[in-house]
Amino acid sequence: AQKVTQAQTEISVVEKEDVTLDCVYETRDTTYYLFWYKQPPSGELVFLIRRNSFDEQNEISGRYSWNFQKSTSSFNFTITASQVVDSAVYFCALGYSNSGYALNFGKGTSLLVTP
Amino acid sequence: EPEVTQTPSHQVTQMGQEVILRCVPISNHLYFYWYRQILGQKVEFLVSFYNNEISEKSEIFDDQFSVERPDGSNFTLKIRSTKLEDSAMYFCASSDAPGGPDTDTQYFGPGTRLTVL
C-alpha cells in the first residue's frame, strides 16, 4: 500500500525566510514517481515537480529546491527567500510509474507567508 | 500553454439529482482522471480512463458514478443520485501518451465545486 505523510499541517513564516516542507512516503514498489503540487487560494492544482524513484539527484528551480532521499523515504521541498505569493497549500503525491495510475496525495501543508 | 478546462466552475444541486461535470483534457493527452477534494481535506483519486475504458478506480467510485468520453474532446463525470456527502471540489486531470515527455505527469484543471443541498 502507498502512503504519503506531510506531518506539517500549517507553517507560517515572514517574507524572505526560507522554509522547508516535509514529505515522507511509503511504498512497496521499486519504481514510482513523487510529485509536488501547489494549491493557491484560488483552488487550482499547479504541478511543480516530478521525480522518478531512480533519480535521487536534487533539483533547483529558481527559489524552489527539492531533496529526494530514498534511504529515508523523503522528498522535501524548500522555498528560499519566501514571498507572499508563495502562500498556498502544498501537496506531496506518490504514484506508480505506469501510465494511468492513481496519484496518492498527502494531506497537504498550508504555508502562510506574511509581509 | 495547453491546459485542462472544466465546466461549470460551480454547480449547485438538490440531493437525489443527477449531475454531469465536464472536462476538456489537454488535446494530445490520452489518459484522463477524476479526483475529488472535500473542503479542507486531501485530494482523493476517483478514476482513471484510457482507450475508452476505466483503467483504475477507487472505492469511492461506486455505482453512482460513471465516466464517459462522448466525443474527441470532452471527458465527463456523472453522479446519478447526488448525496450531501458528494459536496466537494472535483478535479479533472490528464496525462500524455506513453513515451511522451510528460507521460507520467498529471495536469489538473481548475476544478468544479459541487454543492449538494
Side-chain angles (χ1 to χ4, degrees), chain A residues 1-10 21 23-25 27 29-55 59 61 66 75 88-110 112, chain B residues 1-6 9-10 25-26 29-61 67 88-113:
Chain A
Q2 295 189 337
K3 186 179 177 182
V4 176
T5 302
Q6 294 181 256
Q8 304 150 308
T9 306
E10 293 180 358
L21 310 181
C23 173
V24 174
Y25 64 92
T27 180
D29 297 293
T30 55
T31 304
Y32 51 88
Y33 281 105
L34 292 162
F35 300 81
W36 278 94
Y37 285 86
K38 173 181 179 180
Q39 187 174 43
S42 49
E44 70 270 28
L45 283 166
V46 179
F47 165 73
L48 294 178
I49 189 171
R50 177 190 85 205
R51 177 60 74 218
N52 186 307
S53 55
F54 293 118
D55 182 5
E59 182 155 340
S61 176
W66 291 269
F75 186 43
V89 180
Y90 291 86
F91 290 97
C92 181
L94 172 66
Y96 302 107
S97 64
N98 296 323
S99 299
Y101 56 83
L103 277 180
N104 191 336
F105 283 79
K107 291 184 177 180
T109 297
S110 177
L112 177 64
Chain B
E1 186 173 319
E3 58 183 16
V4 178
T5 59
Q6 291 184 242
S9 56
H10 191 190
I26 294 173
H29 285 185
L30 295 181
Y31 293 89
F32 316 118
Y33 313 82
W34 284 102
Y35 290 79
R36 79 171 186 192
Q37 184 183 31
I38 295 171
L39 187 63
Q41 298 187 22
K42 72 174 188 177
V43 180
E44 301 174 292
F45 170 77
L46 294 177
V47 66
S48 61
F49 190 86
Y50 171 70
N51 200 25
N52 284 320
E53 288 185 342
I54 289 176
S55 304
E56 188 178 349
K57 61 182 181 178
S58 71
E59 293 176 353
I60 303 168
F61 193 87
V67 290
M89 180 76 92
Y90 288 81
F91 290 102
C92 175
S94 68
S95 62
D96 207 347
D102 278 327
T103 299
D104 296 303
T105 298
Q106 295 179 26
Y107 291 92
F108 286 77
T112 292
R113 179 161 298 286

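Letters go in sequence order (proteins before strands), and every chain restarts at 1. Scope of the values below: all heavy atoms of this structure, side chains included, with no hydrogens, waters or symmetry mates.
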Inset, instruction - Let me know if A:Gln6 has heavy atoms under 4.5 Å from chain B in its side chain, its backbone, both or neither. - result: neither
Legend entry - A:Tyr33 and B:Thr105 side chains, donor-acceptor separation under 3.5 Å: no
Inset, instruction - Side chain from CB out, backbone as N, CA, C, O: work out which of these in B:Tyr50 comes under 4.5 Å of a heavy atom of chain A, or both, or neither. - result: neither
Inset, instruction - Can you sort out the partners of B:Glu44 under salt bridge (Lys or Arg N to Asp or Glu O under 4.0 Å), two or more places apart, ordered by chain and number? - result: B:Arg36
Inset, instruction - Report the residue from A:Phe91, A:Trp66, A:Tyr37 that forms a side chain to side chain contact (heavy atoms under 4.5 Å, CB included) with A:Leu48. - result: A:Trp66
Inset, instruction - Pick one of side chain, backbone, both or neither for B:Tyr35, based on which atoms fall under 4.5 Å of a heavy atom in chain A. - result: side chain
Inset, instruction - Could you pull out all residues at least two apart from A:Cys23 that satisfy side-chain contact (heavy atoms from CB on, under 4.5 Å)? - result: A:Val4, A:Trp36, A:Cys92
Legend entry - Most contacts with chain A, counted as non-hydrogen pairs under 4.5 angstrom, among B:Gln6, B:Lys57, B:Gln37: B:Gln37
